[in-house]
Amino acid sequence: MELLLRQIPEGMFSTYDAIAIALGDIIARDAVREFAGIKAGGKVIPGIEDGIMLFDKFETEFPLKKLRNEQIMMSKRVVTEDDFEKIERIAGMDVAYRGNTAYGAYVEMDMKGNVIEKNTETMEVNFPYIPTYFSYRELPVLEKLLEGRHPDIVMVNGSGIAHPRHFGMASHLGVLHSLPVIGITKRLLCGEVRGKYIYMGKEKVGAVYGKKPIYISPGHKISVDSSVAISKELCRYRIPEPLMQAHVLATETKNENNL
DNA sequence: GCGACAG
DNA sequence: ATCTTGTCGC
């Protein structure tokens, strides 16, 4: 992004849309708005205006297009059937932020809800939040939290295969570590709800659960129905307990460090 | 064609 | 996700 902003000649302007397109996906427009508002010194404006010199001939390799292709390639390795021996240790991971500093938390428990192990990590992140590219921001933190740990299954706050390229963060994590992962979100990224399930066309990619619903989609090595069964069993409140506790721990960690 | 879009 | 006060309800 910095490289693109630097290309805008003196006296000319560019727009959120033009830069998002140069990045490789118009969906990045909001991230451009946040970033450019501070960094571009007024050279980036919301839209085309009368009497300005618009610059949109960026030299670019469309980086998001490469990430998109990577997602499509890796999505072929996703397994959406149960592929595990036992489920005794379930880990939940969540991340809280202050600016570019990420505070990650890991909470591992048994199926009764007893905590077995906890871990926290702090690191800098640079990739912005861009819908459908979420894992490129948060996955490094999750991987660091997971180092040296061996849960039977993991739950994360993000989509699994309920993703435009069937490769949300839960799938990304699962494939990279060959680990069963369940994706849980409070809002639906993609797909449509019919009854208790989420579909993308004819394909069932997840399920809805709860009065104030959460959206559950398999990331890797687990089926839709098993994802729901396990989530359900660990739901004391709206969000399954491992994620709930990881959220609390991440927030506490953020507030301890500085403030 | 247009807008919306996990955390 | 984060920025934030009070406030409705069990």
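Chain letters run A, B, ... following the sequence lines, proteins first, then strands; residues in each count from 1.
- Considering only side-chain atoms of His247(A), the nucleotide from dC3(C), dA1(C), dA6(B) that sits closest is dA1(C).
- Thr101(A) and Lys254(A) form no side-chain donor-acceptor contact under 3.5 Å, judged by distance and modelled atom types alone.
- Side-chain atoms of Tyr136(A) and Gln71(A) include no donor-acceptor pair closer than 3.5 Å.
- In this structure, Arg33(A) places its CZ atom 17 Å from P of dT2(C), rounding to the nearest Å.
- Remark: P of dA6(B) and CD of Glu192(A) are 17 Å apart, rounded to the nearest angstrom.
- Nearest nucleotide to the Tyr97(A) side chain, out of dC3(C), dA1(C), dA6(B): dA1(C).
- Applying the 5.5 angstrom centroid cut-off and the 30 degree plane-angle cut-off, the aromatic ring of Phe134(A) is not stacked upon the base of dG7(B).
- At whole-Å resolution of the value, CG in Leu139(A) and P in dA6(B) are 18 Å apart.
- Ala96(A) comes within 4.0 angstrom of the backbone, heavy atoms only, and of no base.
- Minimum atom distance to the side chain of His163(A) is reached by dA6(B), of the listed dC3(C), dA6(B), dA1(C).
- A donor-acceptor contact under 3.5 angstrom links the side-chain atoms of Ser159(A) to the base of dA6(B).
- Rounded to an integer number of Å, the gap from CD1 of Ile239(A) to P of dA6(B) is 15 Å.
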